[in-house]
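Structure first, then comments.
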Amino acid sequence: MSAETLPRELLIGTIARLLEGVRHVAVGATSPIPAAGAMLRRALDERNGVPAARLSILGSVRHNFFTNGSAELFDAAGQGRIDAFFLSGGQIDGQANVNLVGLGDYPRSEVRWPGSFGSAYLYFVVPRVILFREEHTPRVFVKNVDFISAPGVSSPEVYRPGGPVALLTGKGLFSFDRQRPGFTLDSLHPGHDLMEVQEATGFDFAHPANPPVTPALDASTLGLLRRQVLNELEETYPAYVADWRRDLAGLGEAH
Amino acid sequence: MSAETLPRELLIGTIARLLEGVRHVAVGATSPIPAAGAMLRRALDERNGVPAARLSILGSVRHNFFTNGSAELFDAAGQGRIDAFFLSGGQIDGQANVNLVGLGDYPRSEVRWPGSFGSAYLYFVVPRVILFREEHTPRVFVKNVDFISAPGVSSPEVYRPGGPVALLTGKGLFSFDRQRPGFTLDSLHPGHDLMEVQEATGFDFAHPANPPVTPALDASTLGLLRRQVLNELEETYPAYVADWRRDLAGLGEAH
Amino acid sequence: MLSNLDEMAARIGPRMHVALPVDYAGVAMAMTRPIIAHGAGELHLVCVPTGGLQVDQLIGAGLVHSIETSAVSLGEAGGAPRFNQAVKDGAIHLSDATCPAIHAGLMAAQKGIPFMPMRGLIGSDVLRNRDDWRVMDNPFAAAGDPIVLIPAIRPDVAVFHAPMADRFGNVWIGRRRELAAMAYASGETLVTVERVVDGSLVDDEMTAAGVLPALYVTAIAEAPRGAWPYGLWGEYATDVDELKRYAVAARSAQGFADYMSEALRVHP
Amino acid sequence: MLSNLDEMAARIGPRMHVALPVDYAGVAMAMTRPIIAHGAGELHLVCVPTGGLQVDQLIGAGLVHSIETSAVSLGEAGGAPRFNQAVKDGAIHLSDATCPAIHAGLMAAQKGIPFMPMRGLIGSDVLRNRDDWRVMDNPFAAAGDPIVLIPAIRPDVAVFHAPMADRFGNVWIGRRRELAAMAYASGETLVTVERVVDGSLVDDEMTAAGVLPALYVTAIAEAPRGAWPYGLWGEYATDVDELKRYAVAARSAQGFADYMSEALRVHP
């Protein structure tokens, strides 16, 4: 484990691990950490000599494999051609319900967020949906969301080949059990403890008595990330990469 | 009336008349007379200074307005953007049912024709469908078709903005009454009489006691046809136009 | 078929259903002020499938009665201030959707069918709040298998921006085929373009592949940099600073009014 | 991803559902003899939306168990002789359709939905003979309004010919978007092309507009004039004389066998 791994690098490396074995991952616009995680997955696959994950970044011109307009992502997902996708939420609850619409009563939300986007569909049909929200506070992780943009689980008669498999936050990594249903804390990021996470989470979750620490990136992976992936990412997220480079410079790791 | 009008020119001129006022007419492949009729309609519209009919020829590269594959014609028809279309049939009966599939029992037809193509859809949604079959014999115009590729009429609860308006043959022109339902002989082509047409038609049809003669093309229209339209048609139907030119040469009207 | 911005804006009448594209597909921003100046109100906006600056400005100008959308935001510049305020005030009627449901509704109109089935949605509050959608059991399944039916969306008019058109009315939309989907589904289609070219865009198979044919196009107006401050794929990038300037200004009704009354800034 | 005709033919296994395009869209005629040589039989053909020479030859070679099509013919060269004979003999199972029903079935597969509604058809013997289709009342209408539901068509493999591909697996299909529809709906897609180009076809917006992305493409083989005797839009015309020669030869089983056993003629 490298003491110099940045928190964002741990998240990116964890995402790359969660994406192991996917053929095609789609990433929403303005999602630099998931995009970097997917790029790292692709780089690792190439290094390991296995078929490399294909990556589509929505709204990007360069990382856009689609030629049939903005419906094609959803069509491809419906065809089973998208293995993994990321969702976030203004609120996420213990049933993995996601709220992207707003706080308070609907439709006159006290706080209105943009809207559900494709979540009410993709959450059902993409097999490996990774919930990602860096802010880990009780206002995000609530007992029950105010508005269900997309439900975490469905009754057995509902066609649902997809759904949540994991929740990654700034404090830890959870897996999701669709049967129970509910989250299990798999690991804590360095510097966080179980009680802190319980206090920051508005819903109950299962956990080992002593949760392990989220594994850090090995030196080879970290090297791949800081050289190849960082450069690849720069094209789509120049401001994010500049910030990252500043953090690296602070570590004495300037590139 | 010009004695020198060729039979095919009368058919083309009649089609152009039937298409008066259409915004967009689609013509199937290997249909030179409907194509020429539509081209003449367009030429007449341009001469008359009214919005000219738009013409799509299926399978043609040049007269193809479509850029969304072979589904687009049907989509456009469903949107109400196709005002007129032509259908033929191996058999056509007095209810305007059309058979494009074969003779005898289905599926092991004694004589098999290619198939229904788009008829089972377009006949329902294109407002002005013109039935065109030059061969006017009892084997074509039957009491009941052996297979209904597309029905002439539908019960009131069926969505049907389209359907047959006319039947043009080598012997005469019929209109179709969807209420009765049935055909009415509107006019006989020069050289044909009512009894001959009755004997050549396997179904009953209404008719005036003395059906008029199908109006010939006036000199100006004939000129437009033999100059502009004949040249336009040549690109898509060179063999047909060569044959036509030979007929004209026989009239002493070589161009 | 060649027209100008004001003539095209005048085709938008009160209570019309107006389809507008997603930020990155080609937004006819040059039409926004002419539409506001023309002033037809009580519009129903259909965002294909999400809305941004243009939607926020039409709402801010008080022209919008209702909106069907999967989201409204200014992307990197944050939330859509006039939309968010209108939601809080209950000033607009919301039909919250999800992106593929809007595509499905347009596809139904394209196909001339009354509805399209769609997976997903069941158990969401998106579905619970849409009394114009239906759920039925899939008749091809042995038992159960509920599926949502989305009714056709047939806008009166679609408005978007594209790189080029020819003088025959053909518009080159490239791979942004949601623009074609909007036009197929809509009664009229109004297009602003960077430039009008001389030759026919359908005469060459290479350009034809990206063409929306004139059959679907009502009017075209030339508007160089007509998507600004949004970008246009293959042409120019989004002016994020301008979006941010708007986002700050439009936090208040007065700030919005001041921003909109500025002379149209010369853009870079 | 670059392959050859024989390798591609070997991907077609017994009882597979094989989607083939209409004559003028781009038929991979160069694949016909390799498929016959490979010999996987009991195939189910899906014609998108009609069939011609390739279908007739696969039937004549005895590889076809069943076929869904809106028509089979040789166009100007007349009826399809081996198809017509097989119908008369009851040697193949027929699912007669109408063009937009086949497009609807593929669209359902493209959208990941179990069925598509479709207008028309009611009262036809096409519908009467399709026990895999359903009729229901439109739930959005006050009463009545029957509408046909076409189940998804999900071919195992689509086979077609296109002008070009790049070495990344992107195929340029231009405006022949039924080829994309076939690929979206199918498990695998095998493509022959006139030529393979060096640069990426998606790097330029102009070529990208006509591209079927590599995501949907399983294998590509170069086959210059690979549609012959059919033409390829924008490239070369149909060889009608050759179609007529076939039409005459294939009137009898022996004549068909003789025609097929000829060394592949050098085409002009």
Side-chain angles (χ1 to χ4, degrees), chain A residues 29-30 58-61 64-75 77-78 95 97-102 104-126 145-162 237 239, chain C residues 21-25 47-51 69-76 79-80 83-85 87-90 93-94 96-101 103-104 106-107 118-129 137-138 141 143-147 173-181 233-234:
Chain A
T30 66
L58 312 185
S60 151
V61 173
N64 168 13
F65 286 100
F66 297 131
T67 59
N68 197 24
S70 60
E72 187 175 357
L73 166 73
F74 307 105
D75 291 358
Q95 309 284 301
N97 295 315
V98 167
N99 175 7
L100 292 158
V101 160
D105 288 341
Y106 182 83
R108 289 186 63 172
S109 313
E110 293 153 37
V111 174
R112 169 76 198 200
W113 298 315
S116 302
F117 290 99
S119 64
Y121 179 71
L122 293 174
Y123 211 24
F124 285 77
V125 299
V126 176
V145 296
D146 291 358
F147 184 99
I148 301 175
S149 285
V153 292
S154 300
S155 47
E157 79 274 14
V158 174
Y159 176 85
R160 183 151 198 183
Y237 296 104
Chain C
V22 62
D23 301 352
Y24 51 77
C47 302
V48 185
T50 62
T69 190
S70 305
V72 182
S73 94
L74 299 180
E76 285 183 73
F83 167 74
N84 292 351
Q85 186 66 47
V87 167
K88 205 168 181 173
D89 296 345
H93 180 81
L94 278 179
D96 260 288
T98 185
C99 306
H103 294 307
L106 293 173
M107 179 59 77
M118 185 185 140
R119 291 302 193 180
L121 280 170
I122 292 168
S124 72
D125 286 333
V126 177
L127 174 62
R128 207 176 321 264
N129 285 283
D137 279 347
N138 169 16
D145 194 16
I147 188 166
I173 58 167
R175 51 175 156 167
R176 298 266 43 117
R177 297 196 67 84
E178 59 267 72
L179 302 178
W233 40 274

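Proteins come first, then strands; the chains are lettered A, B, ... in the order of their sequence lines, and each starts at number 1.
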The interface call for C/Met118 against chain A, heavy-atom contacts under 4.5 Å, is side chain
Please determine, among C/Ser70, C/Ala25, C/Ala141, C/Ser73, the option with the most heavy-atom pairs under 4.5 Å with chain A.
C/Ser70
Going by the rule salt bridge (Lys or Arg N to Asp or Glu O under 4.0 Å), which residues pair with A/Arg112 if we only count those two or more places apart in sequence or in a different chain?
C/Asp96
Which atoms of A/Ser119 approach chain C - backbone, side chain, both or neither, heavy atom under 4.5 Å:
backbone
Just give me the residue among A/Val111, A/Asp75, A/Asn68, A/Leu73 that pairs up with chain C most often, heavy atom to heavy atom, under 4.5 Å.
A/Asn68
Please rank A/Pro114, A/Gly104, A/Gly115 by heavy-atom pairs under 4.5 Å with chain C and give me the top one.
A/Pro114
Which one, C/Ile173, C/Asp145, C/Leu127, leads in non-hydrogen pairs under 4.5 Å with chain A?
C/Asp145
Can you tell which part of C/Ala143 gets under 4.5 Å to a heavy atom of chain A, answering side chain, backbone, both or neither?
neither
One should read off an interatomic distance between A/Phe117 CZ and C/Thr50 OG1, to the nearest 0.5 angstrom, of 6.0 Å
Over 12 non-hydrogen atoms of neighbours within 6.0 angstrom of CD in A/Glu157
yes
Among the listed options C/Gly79, C/Gly51, C/Gly90, C/Ala104, the residue most often paired with chain A at heavy-atom distances under 4.5 Å
C/Gly90
For C/Ser124 and A/Ser149, work out which heavy atoms get closest and say how close.
CB-O, 3.5 Å
With sequence neighbours excluded, residues passing salt bridge (Lys or Arg N to Asp or Glu O under 4.0 Å) with A/Arg108
none
Answer whether the closest heavy-atom distance between the side chains of C/Asp125 and A/Val101 falls below 4.5 Å.
no
Heavy-atom pairs under 4.5 Å with chain A - which of C/Gly144, C/Pro21, C/Pro100 has more of them than the others?
C/Pro100
Top contributor to chain A contacts, counting heavy-atom pairs under 4.5 Å, from C/Asn84, C/Leu74, C/Val48
C/Asn84
Considering only heavy atoms, which portion of C/Asn129 lies under 4.5 Å from any heavy atom of chain A: side chain, backbone, both, or neither?
side chain
May I ask you to establish whether C/Arg119 and A/Phe124 are in a cation-pi arrangement, using a distance under 6.0 Å from NZ or CZ to the six-membered ring centre and at most 45° from the ring axis?
no
C/Asp89, C/Ile147, C/Leu179: which one forms the most heavy-atom pairs within less than 4.5 Å of chain A?
C/Asp89
Over all heavy atoms of both residues, which pair between C/Thr69 and C/Pro49 is shortest? Give the atoms and the distance, please.
OG1-O, 3.7 Å
When rounded to the nearest 0.5 angstrom, what distance separates CG in A/Asn99 from OG in A/Ser109?
8.0 Å
Please flag which part of A/Tyr123 lies under 4.5 Å from any non-hydrogen atom of chain C: side chain, backbone, both or neither.
neither
Which portion of A/Val153 sits near chain C, non-hydrogen atoms under 4.5 angstrom
neither
